[in-house]
2 protein chains.
Amino acid sequence: MEGRPTQNESDAAGSNYMHGLAIDAVIFGFHDNQLKVLLMQYKKSDIFALPGGFIHKEENLDDAAHRVVSERTGLKDIYLEQFYVFGDATRSDPSPMRTIMLANGIAPGNHHWLLQRFISVGYYALVDFTKVTPMPDRIFDGCNWYALADIPPLMQDHAQIIKKALASLRANLDNKLVAFNLMPEEFTMNDLQILYETILDKKLLRPAFQRKILSLGILERIAKKWTGGAHKAPYLYRFK
Amino acid sequence: MEGRPTQNESDAAGSNYMHGLAIDAVIFGFHDNQLKVLLMQYKKSDIFALPGGFIHKEENLDDAAHRVVSERTGLKDIYLEQFYVFGDATRSDPSPMRTIMLANGIAPGNHHWLLQRFISVGYYALVDFTKVTPMPDRIFDGCNWYALADIPPLMQDHAQIIKKALASLRANLDNKLVAFNLMPEEFTMNDLQILYETILDKKLLRPAFQRKILSLGILERIAKKWTGGAHKAPYLYRFK
DNA sequence: TTATTATTGTAACAGTTTATTACAATAATA
DNA sequence: TATTATTGTAATAAACTGTTACAATAATAA
C-alpha cells in the first residue's frame, strides 16, 4: 500500500522516493491447508494494510518490490509477479496516513506528499510459509499471517488488491509452474493437490491430478517415504 | 511513452500532471492481413514513439489511457487492456525529450520534470482499423500505422513494450474473446481465421477453427452472403 | 448452356487428452 | 493376522482436437 515509509523514511520529507507511486505486496503463504497473506497492523488498532513501500529515485521498480517483500519476510529469493496497477483517483484516503504521521511526530501540512494521491503497483509473492519470519516495520508494529477466509477490514482498496492478486494467481497456475513456490522443499502428491484445490477453490480428482503433475516432468521422487497413518505411505517429492 | 504533453501540456511546467508517471499505448489494428500499430513521428526525423501521455492530477489511470487512445484515433468506445508497468530506473533517456522541448521553445533546466525518470503503464488497445483517423498531437506531427514486421527504431524501450503487448494479446486470445475488436462489423470466417493466424503467427486448420469459434456461441450468422470470386460465397458473421 | 475451377460448409473418422472407475499394495491399528 | 484407510496406477469411458473427405456453389471459360 502507500503509507509505509521504511528505513530512511520520513527523513527529508521523503525526498529519496518517487512521489505519487507505491508498491503493494500480496504475500501468499500456505499453512494448515489454507492460503494466507501477510498483513500489517497499526498499534493494536483496527488499521490493517498490505505490506508496501515506495520506490527510491534510482531504483528499479522490480527491485523495490523485492526489497519490500524481503524486508517483511526475511527471504532472499522470492517469486514475485507484477499483476496490476491500481490508479483510481479516489483510491487514496489520506486519513489513516495522517493519523500515523501525527503519532510519529510528523506534523503534516495538507500538501505533504504522503497525503497526496498514490498510484500503486500490485505484486504478489509466493513464499514457503515455513521459511518466513514476519517482520513489522517502523510504522506498523504488527505483521502476521491471515487466512484468506478471515481477513480483517483493510485500508483503502487493499481488499480489492488481494482479490485481484488471487485471480491472477489462479490464471497463472496452469501456465506457469508457480505453485511449488508455496510448498516446503519436500511434499507429498496429496499436499500439492490440496494446495491446488485451495487456490482454485474446487475439488480435483486424484488420478487425473497425479497424472497431470507427473507428466510435467518437473518433480523428482525421493526414495524415502512418509510415516503416519494406518495406510500405505506416500512418496515424497521435490521440485527440480 | 513519456514525453508527449498533449492539450494543455507544456503550460505551467506541467503542474496539471502527475510527475514521474506516464502511459504508453500500443494501439493494434488489422489491415491487409497484417497486424499494425500506431506510431508517432517527430517532424520527419527518425524519432518514432508509441502514442502516450500523462495522468491529470485528479484523473483515473484508466480514464487517462482512454483519453490518450481516443485523442490519437478519434474513437469513443475502445477495448483497452492494461498489460504491464515498465519501471527500470534507466529506461528513460532524456535526450529526445530535450530536443523536442528546445524545438518547442521550452528551455528546460536539467531538473525539468519531463527530463526526469518515468515509470510507464502499458495499455494495449484493439481497434477497428477502418474506423480510425490517425491524429498527431502538438509535439509529434506524424501519426501512422506500421505493420509489426516493419517497425522503425523506436525511442527508449518502446520496442520492448510492443513485444510485451503482443505477448499479452496472444495470451488473452483464447481466454477473453478479444479478437473481434480488431474486425469490422461484418466479416467472414476466413477473415477471422487469418486474424488469428496473424496474431498467433501460425497456421490453423480450417475445420477445427470453424468448429471452435462457432462453439463459443458468440457469432451471429447474417443471412446475406458475400460476392467476389469463382467459388461458393461465404457467410458473413457479426459479433453479438 | 454446360464444364471447369476455387473455395466454402460440414460430415466422418482418427488420434489425443482428460475424466472416471477400479483395484492391488501397504502401513498402522485392533 | 484381520481390518482399515489411503496410496499408486491400470483400465476404461468420455470429451476434445486434428485430419481427411466431399458435396455445394459462385464465377469464369468452353
Side-chain angles (χ1 to χ4, degrees), chain A residues 32-33 170-177 179-180 183-240, chain B residues 32-33 170-177 179-180 183-240:
Chain A
D32 281 344
N33 290 351
R170 274 184 190 150
N172 282 339
L173 201 56
D174 286 323
N175 309 330
K176 318 195 179 186
L177 306 171
F180 304 97
M183 289 267 104
E185 252 132 58
E186 303 184 346
F187 50 88
T188 68
M189 194 56 73
N190 199 39
D191 293 337
L192 191 60
Q193 182 175 343
I194 290 170
L195 171 61
Y196 269 75
E197 290 178 340
T198 307
I199 294 175
L200 298 174
D201 194 25
K202 70 171 178 193
K203 286 277 166 212
L204 302 174
L205 287 162
R206 198 167 52 88
F209 181 78
Q210 164 131 343
R211 182 161 28 85
K212 183 178 116 178
I213 295 292
L214 289 182
S215 76
L216 296 174
I218 52 173
L219 287 194
E220 177 173 32
R221 179 183 283 184
I222 302 170
K224 286 186 299 177
K225 302 191 178 189
W226 183 251
T227 148
H231 53 78
K232 188 175 178 181
Y235 286 103
L236 283 177
Y237 291 89
R238 176 165 45 201
F239 184 52
K240 58 178 177 187
Chain B
D32 280 344
N33 290 351
R170 273 185 191 150
N172 281 342
L173 201 56
D174 285 324
N175 310 330
K176 317 194 178 182
L177 306 171
F180 305 97
M183 290 267 103
E185 252 134 58
E186 303 185 346
F187 49 88
T188 67
M189 195 54 76
N190 199 39
D191 293 337
L192 191 60
Q193 183 174 341
I194 290 170
L195 172 61
Y196 268 75
E197 290 178 339
T198 307
I199 293 175
L200 298 174
D201 194 25
K202 70 172 179 193
K203 284 277 166 210
L204 302 174
L205 288 161
R206 197 167 52 91
F209 181 77
Q210 163 132 344
R211 194 179 30 198
K212 184 178 117 181
I213 296 292
L214 288 182
S215 76
L216 296 174
I218 53 175
L219 287 194
E220 177 173 33
R221 179 183 282 182
I222 302 170
K224 287 186 299 176
K225 302 191 178 189
W226 184 249
T227 147
H231 53 77
K232 187 173 177 181
Y235 285 104
L236 283 176
Y237 291 89
R238 175 164 45 202
F239 183 53
K240 58 177 176 187

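Letters go in sequence order (proteins before strands), and every chain restarts at 1. Keep in mind it's a predicted model, so treat the numbers as computed, not measured.
- When the side-chain nitrogen and oxygen atoms of A/Q210 are compared with OP1 and OP2 of D/dT7, none of them lie within a distance under 4.0 Å.
- One atom, CD1 of A/I213, and another, P of C/dT17, lie 17 Å apart when rounded to the nearest Å.
- With the nearest nucleotide of DNA chain C identified for both A/K212 and B/T188, B/T188 has the one nearer the 5' end.
- Distances shown here put a side-chain N or O of B/N190 below 4.0 Å from the OP1 or OP2 atom of C/dT8.
- Side-chain to base pairing of A/R211 with C/dA19: one donor and one acceptor N or O lie within less than 3.5 Å of each other.
- Here D/dT20 is the nucleotide among D/dT20, D/dG18, D/dT7 with the atom lying nearest to any side-chain atom of B/P207.
- Taking the six-membered ring where tryptophan is involved, the planes of A/F187 and A/F180 are tilted, since the angle between them lies from 30° to 60°.
- One can place CG of A/L214 at 14 Å from P of C/dT18, the figure rounded to the nearest angstrom.
- Here A/R221 reaches the OP1 or OP2 of D/dT9: one of its side-chain N or O atoms lies under 4.0 Å away.
- Taking atom CG of residue A/D191 and atom C1' of nucleotide D/dT6, one finds them 14 Å apart after rounding to whole Å.
- Between B/H231 and A/Y235, the residue anchored closer to the 5' end of DNA chain D is A/Y235, taking for each the nucleotide with the nearest heavy atom.
- With a 4.5 Å cut-off on side-chain heavy atoms, A/E186 and A/I222 count as touching.
- Spacing between atom CG of A/L205 and atom P of D/dA10 amounts to 18 Å, rounded to whole angstrom units.
- Within the shown strands, C/dA25 is the pairing partner of D/dT6 under the Watson-Crick or G-U definition, both distances less than 3.5 Å.
- Residues A/F239 and A/E185 have side chains not in contact (no heavy-atom distance under 4.5 Å, counting atoms from C-beta outward).
- To the nearest angstrom, C1' of D/dG8 lies 15 Å from CG of A/L236.
- Between A/M189 atom CE and D/dT9 atom P the separation is 9 Å, expressed in whole Å.
- A/K232 has its NZ atom 7 Å from the P atom of D/dT9, to the nearest Å.
- A donor-acceptor pair under 3.5 Å is formed between the side chain of B/R170 and the backbone N or O of B/I199.
- Figure legend: cation-pi geometry between A/R221 and A/Y235, with NZ or CZ positioned under 6.0 Å from the six-membered ring centre and within 45° of its axis.
- The distance between atom CZ of A/R206 and atom C1' of D/dT9, rounded to the nearest whole Å, is 9 Å.
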